[in-house]
> 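Provided herewith is a single structure, encoded as structure tokens, for subsequent inquiry.
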Amino acid sequence: MEVKARAPGKIILSGEHAVVHGSTAVAASIDLYTYVSIQVHPSTENDDRLTLQLKDMALAFSWPIGRIKEPLSSLGGPFPSTPTSCSTASMKLILALVEEQNIPEAKISLASGVTAFLWLYTSILGFKPATVVVTSELPLGSGLGSSAALCVAFSAALLACSDSVNVDMKQQGWLIVGESELELLNKWAFEGEKLIHGKPSGIDNTVSTYGNMIKFRSGNLTRIKSSMPLKMLITNTKVGRNTKALVAGVSERTLRHPDAMNSVFNAVDSIGKELANVIQTPAPDDLSLNAKEEKLEELMEMNQGLLQCMGVSHASIETVLRTTLKYKLASKLTGAGGGGCVLTLLPTLLSGTIVDKVISELESCGFQCLIAGIGGNGAEICFGASS
């Protein structure tokens, strides 16, 4: 039987960087997904293998089950109901398995994702031969939570294969994972994220697991639900950035100008709180919806101005801002800045012709444009063919 799982990417609607300094931030899921399918094979002594196929990269990795089991069986797995951190000793054993695959130098950044896969697979499912296939609609390393979506989709599919997720296998199409299972899934995904990022905040995997939106401040996460349909144009500038360097730059600026930067962070905090309130307030008619969209546009523009004050914009981001402003559309960077992605709110009454013109201009600059709905479902699974 084939088990499939999908998990959404994420955007930061407000509060990036400032959240490190105590401000409120708001994150949301987007309806662009990473998909994982698993087919567990009957055990045969001649050809027991675990194969991982990364379809978008045209890469495949394969290990004899015995080669995996030899170093890792002493760990005592599988233990699907007990999310566990990968110890330093286990990490060394897994890294040796990854290094054997001779990942091309140009794609060596994938090694941490393969490491996370092996830990999650052996911890949740043990040493069963299988073929695992990954595809994704999310551009890698662009601030849209691609690694978290991968870990969430891995965890969902593996838990379903281990019977740790309670769903009716007779139902057709994508099935939302139950609330109690989502907590287990999220904890496993966080363990995968730790192997990829070291010290992740847990925000990305939580948004990807539960979907919808999250408000967070000083380590406290609150799930919130949008009462309005939101659609964004996401422009990937394709400019890579060093997140650690950008975070450090904001901290250094704060040391040089503490009063001014504290005022910036306080303003961002107010924007995050107001944005969360606007999103949750019911919009009973089109007039109310338009008024809410106008408020969101203003809040996005203010947040972008404050991000520029923090020094995390970039020439590519400014190009997107100028282009969308010509069409009276509000935009802001999302994530670390310094490149990466830019969000542009697409109001409900905006004509498709204008959207096409904006996309055409942005793509002529070499950017990648994606349109996404905001605040949809989190992790989902299905059995057999997906709908």
> Are Leu275 and Lys273 side-chain neighbours, meaning at least one heavy-atom pair lies under 4.5 Å?
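In short, these two side chains do not touch, never coming nearer than 4.5 Å.
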> Which residue is it: Gln39, Gln53, Glu2, His41? I am looking for the one with a side-chain hydrogen bond (donor to acceptor under 3.5 Å, both in side chains) to Thr131.
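Going through Gln39, Gln53, Glu2, His41 one by one, the side-chain hydrogen bond (donor to acceptor under 3.5 Å, both in side chains) with Thr131 is satisfied by His41 alone.
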> Under the side-chain hydrogen bond (donor to acceptor under 3.5 Å, both in side chains) definition, can you give me all pairs with a residue in residues 243-265, not counting sequence neighbours?
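Not a single pair qualifies under side-chain hydrogen bond (donor to acceptor under 3.5 Å, both in side chains).
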> How far apart are the C-alpha atoms of Leu296 and Met228, what are their side-chain angles, what is the distance that settles it, and do they pass the side chain to side chain contact (heavy atoms under 4.5 Å, CB included) test?
CA-CA 11 Å; Leu296 289 178; Met228 60 190 291; 3.9 Å; yes
> May I ask you to decide if Ala111's main-chain N or O and Thr115's side chain share a donor-acceptor pair within less than 3.5 Å?
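Side chain of Thr115 to backbone of Ala111: a pair is present.
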> Under the criterion side chain to side chain contact (heavy atoms under 4.5 Å, CB included), I'd like the reasoning laid out for Thr222 against Asn220: C-alpha separation, chi angles, the key distance, then a yes or no.
CA-CA 7 Å; Thr222 307; Asn220 296 316; 5.5 Å; no
> Is there side-chain contact between Ile371 and Lys231, with heavy atoms separated by less than 4.5 Å?
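Yes, side chains in contact.
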> In the single-linkage hydrophobic clustering (I, L, V, M, F, W, Y; side-chain heavy atoms under 4.5 Å), do Val207 and Ile30 co-cluster?
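In one cluster: no.
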> If you group Ile, Leu, Val, Met, Phe, Trp and Tyr by side-chain heavy-atom gaps below 4.5 Å, do Val239 and Leu246 land in one group?
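No, it is not one cluster - the side chains of Val239 and Leu246 are not joined through contacts under 4.5 Å.
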> Any side-chain heavy atom of Cys161 within less than 4.5 Å of one from Ile38?
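The answer is yes, as the side chains (C-beta and beyond) meet within the 4.5 Å cut-off.
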> With a 4.5 Å limit on heavy-atom distance, are the side chains of Ile224 and Asn212 in contact?
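A side-chain contact under 4.5 Å is absent here.
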> Please report the closest heavy-atom contact between Gly9 and Leu138, naming both atoms and the distance.
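For Gly9 and Leu138, the tightest heavy-atom pair comes out as CA-CD1, 3.6 Å.
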> Less than 3.5 Å apart, which donor and acceptor atoms pair up between the side chains of residues 332-348 and the rest of the protein, not counting sequence neighbours?
| residue | atom | partner | partner atom | Å |
| --- | --- | --- | --- | --- |
| Lys332 | NZ | Ile12 | O | 3.2 |
| Lys332 | NZ | Glu16 | OE1 | 3.1 |
| Lys332 | NZ | Glu16 | OE2 | 3.0 |
| Thr334 | OG1 | Ile12 | N | 2.8 |
| Thr334 | OG1 | Ile12 | O | 3.1 |
| Thr344 | OG1 | Ser331 | OG | 2.7 |
| Thr348 | OG1 | Glu293 | OE2 | 2.4 |

> Tell me if a side-chain donor or acceptor on Trp63 pairs with a main-chain N or O of Leu97 at a distance below 3.5 Å.
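Yes, the answer is positive, given that a donor and an acceptor are paired below the 3.5 Å cut-off.
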> Measure the spacing between OH of Tyr210 and NZ of Lys225 and express it to the nearest 0.5 Å.
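Taking OH in Tyr210 and NZ in Lys225, the distance rounds to 14.5 Å.
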> State, without any angle test, whether Lys292 and Ser227 hold a side-chain donor-acceptor pair at a distance under 3.5 Å.
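Yes, because at least one side-chain N or O of Lys292 sits under 3.5 Å from a partner of the opposite role on Ser227.
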> How far does OG of Ser62 sit from CG of Leu50, to the nearest 0.5 angstrom?
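Separation between the atoms: 7.0 Å.
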> For residues 87-95, which side-chain donor-acceptor pairs fall under 3.5 Å, sequence neighbours excluded?
| residue | atom | partner | partner atom | Å |
| --- | --- | --- | --- | --- |
| Ser87 | OG | Ser90 | N | 3.1 |
| Ser87 | OG | Ser90 | OG | 2.9 |

> Is the number of heavy atoms from other residues, nucleotides or ligands under 6.0 Å of Lys194 NZ greater than 12?
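Yes, NZ of Lys194 has more than 12 neighbouring heavy atoms, counting only those of other groups under 6.0 Å.
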> Set out, in order, the CA-CA distance, both residues' side-chain angles and the distance that settles side chain to side chain contact (heavy atoms under 4.5 Å, CB included) for Leu150 and Phe117, then state yes or no.
CA-CA 9 Å; Leu150 179 67; Phe117 161 72; over 6 Å; no
> Take atom CG of Leu287 as the centre, draw a 6.0 Å sphere, and report whether it contains more than 12 heavy atoms from other residues, nucleotides or ligands.
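Not buried by this count: 12 neighbours or fewer within 6.0 Å.
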> To check you understand the geometry: which heavy-atom pair defines the closest contact between Thr84 and Trp119, and what is its length?
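Of all heavy-atom pairs spanning Thr84 and Trp119, the closest is O-NE1, 3.1 Å.
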> Using links of under 4.5 Å between side-chain heavy atoms of ILVMFWY residues, direct or through other members, which residues join Ile196 in one cluster?
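Joined to Ile196, directly or through intermediates: none.
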> Could you check if a side-chain atom of Tyr121 sits within less than 4.5 angstrom of a side-chain atom of Leu158, using non-hydrogen atoms only?
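Side chain of Tyr121 against side chain of Leu158, heavy atoms only: contact under 4.5 Å found.
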> Ignoring hydrogens, what is the shortest heavy-atom contact between Leu159 and Leu185? Give both atom names and the distance.
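Scanning both residues, the minimum pair turns out to be CD1-CA, 3.7 Å.
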> Less than 3.5 Å apart, any donor N or O on the side chain of Ser85 or Glu191 sitting next to an acceptor on the other?
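On atom types as modelled, these side chains qualify, holding a pair under 3.5 Å.
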> Under the side chain to side chain contact (heavy atoms under 4.5 Å, CB included) test against Phe367, which residue among Thr323, Asn236, Thr319, Ile359 passes?
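The side chain to side chain contact (heavy atoms under 4.5 Å, CB included) with Phe367 is passed solely by Thr319 among Thr323, Asn236, Thr319, Ile359.
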> Under the side chain to side chain contact (heavy atoms under 4.5 Å, CB included) criterion, do Gln368 and Leu362 qualify, and how do the steps go?
CA-CA 8 Å; Gln368 176 190 19; Leu362 291 171; over 6 Å; no
> Given side-chain hydrogen bond (donor to acceptor under 3.5 Å, both in side chains), test Asn186 with Glu183 step by step and report yes or no.
CA-CA 5 Å; Asn186 192 37; Glu183 184 179 357; over 6 Å; no
> Are Phe190 and Ile124 linked, directly or through other ILVMFWY residues, by side chains that come within less than 4.5 angstrom of each other?
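No, it is not one cluster - the side chains of Phe190 and Ile124 are not joined through contacts under 4.5 Å.
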> So, Gln280 side chain and Ala276 main chain: donor-acceptor pair closer than 3.5 Å or not?
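Looks like yes, one N/O pair under 3.5 Å.
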> Any link between Val247 and Leu306 through a network of hydrophobic side chains (Ile, Leu, Val, Met, Phe, Trp, Tyr) touching at under 4.5 Å?
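As far as the 4.5 Å side-chain criterion goes, Leu306 and Val247 are not connected within one cluster.
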> Pairs in or reaching into residues 71-81: which pass side-chain hydrogen bond (donor to acceptor under 3.5 Å, both in side chains), with residues at least two apart or in two chains?
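Found none.
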> So, Asp48 side chain and Lys128 main chain: donor-acceptor pair closer than 3.5 Å or not?
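Checked: no pair found.
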> Can Arg322 and Glu318 be counted as an ion pair, charged N to O under 4.0 angstrom?
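Glu318 and Arg322: not salt-bridged.
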> Verify, without hydrogens or angle tests, whether Ser37 (side chain) and Lys4 (backbone) share a donor-acceptor contact under 3.5 angstrom.
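No, because the side chain of Ser37 does not come within donor-acceptor range (under 3.5 Å) of the backbone of Lys4.
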> What pair of heavy atoms forms the shortest contact from Ala283 to Ser288, and how long is it?
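The answer is CA-CB, 4.0 Å.
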> Quick one: do Glu363 and Lys238 make a salt bridge, cutoff under 4.0 Å?
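A salt bridge is absent here (no side-chain N lies under 4.0 Å from a carboxylate O).
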> Measure the shortest side-chain to side-chain distance between Met213 and Leu230 over non-hydrogen atoms and say whether it is less than 4.5 angstrom.
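They are in side-chain contact.
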> Could you go through His197 and Ser147, starting from their C-alpha distance and side-chain angles, then the distance that decides it, and tell me whether this counts as side-chain hydrogen bond (donor to acceptor under 3.5 Å, both in side chains)?
CA-CA 9 Å; His197 292 299; Ser147 67; 2.8 Å; yes
> Would you call the rings of Trp188 and Phe79 parallel, tilted or perpendicular, taking 30° and 60° as the class edges?
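Rings of Trp188 and Phe79: parallel, under 30°.
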> Over all heavy atoms of both residues, which pair between Gly141 and Arg241 is shortest? Give the atoms and the distance, please.
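So the minimum-distance heavy-atom pair works out to O-NH1, 3.2 Å.
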> Going by atom types alone, do Asn205 and Ser208 pair a side-chain donor with an acceptor below 3.5 Å?
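Per modelled atom types, Asn205 and Ser208 side chains form no pair under 3.5 Å.
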> Would Arg6 pass as a cation-pi partner of Tyr33, given that its NZ or CZ must be under 6.0 Å from the six-membered ring centre and within 45 degrees of the axis?
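Output yes; distance and angle both within limits.
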> Are Glu100 and Arg67 close enough for a salt bridge, meaning some N to O gap below 4.0 Å?
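Salt bridge: yes.
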> Do you know the tightest heavy-atom contact between Cys309 and Met261?
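Cys309 and Met261 have their closest heavy atoms at O-SD, 4.3 Å.
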> Show me the donor-acceptor pairs within less than 3.5 Å that the side chains of residues 18-28 make with the rest of the protein, sequence neighbours left out.
| residue | atom | partner | partner atom | Å |
| --- | --- | --- | --- | --- |
| Ser23 | OG | Ala18 | O | 3.4 |
| Ser23 | OG | Phe265 | O | 2.7 |
| Thr24 | OG1 | Asp269 | OD1 | 2.6 |

> Between Thr324 and Leu321 (side chain of the first, backbone of the second, donor and acceptor by atom type, cut-off under 3.5 Å), is there such a pair?
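Such a contact is found between Thr324 side chain and Leu321 backbone.
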> Using the rule that two of Ile, Leu, Val, Met, Phe, Trp, Tyr join whenever any of their side-chain heavy atoms come within less than 4.5 Å, decide whether Ile374 and Leu299 are in one cluster.
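Ile374 clusters together with Leu299.
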> I'd like to know if Glu361 pairs up with Lys326 as an ion pair, taking the criterion as any Lys NZ or Arg NE/NH1/NH2 lying under 4.0 Å from an Asp or Glu carboxylate oxygen.
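Salt bridge: yes.
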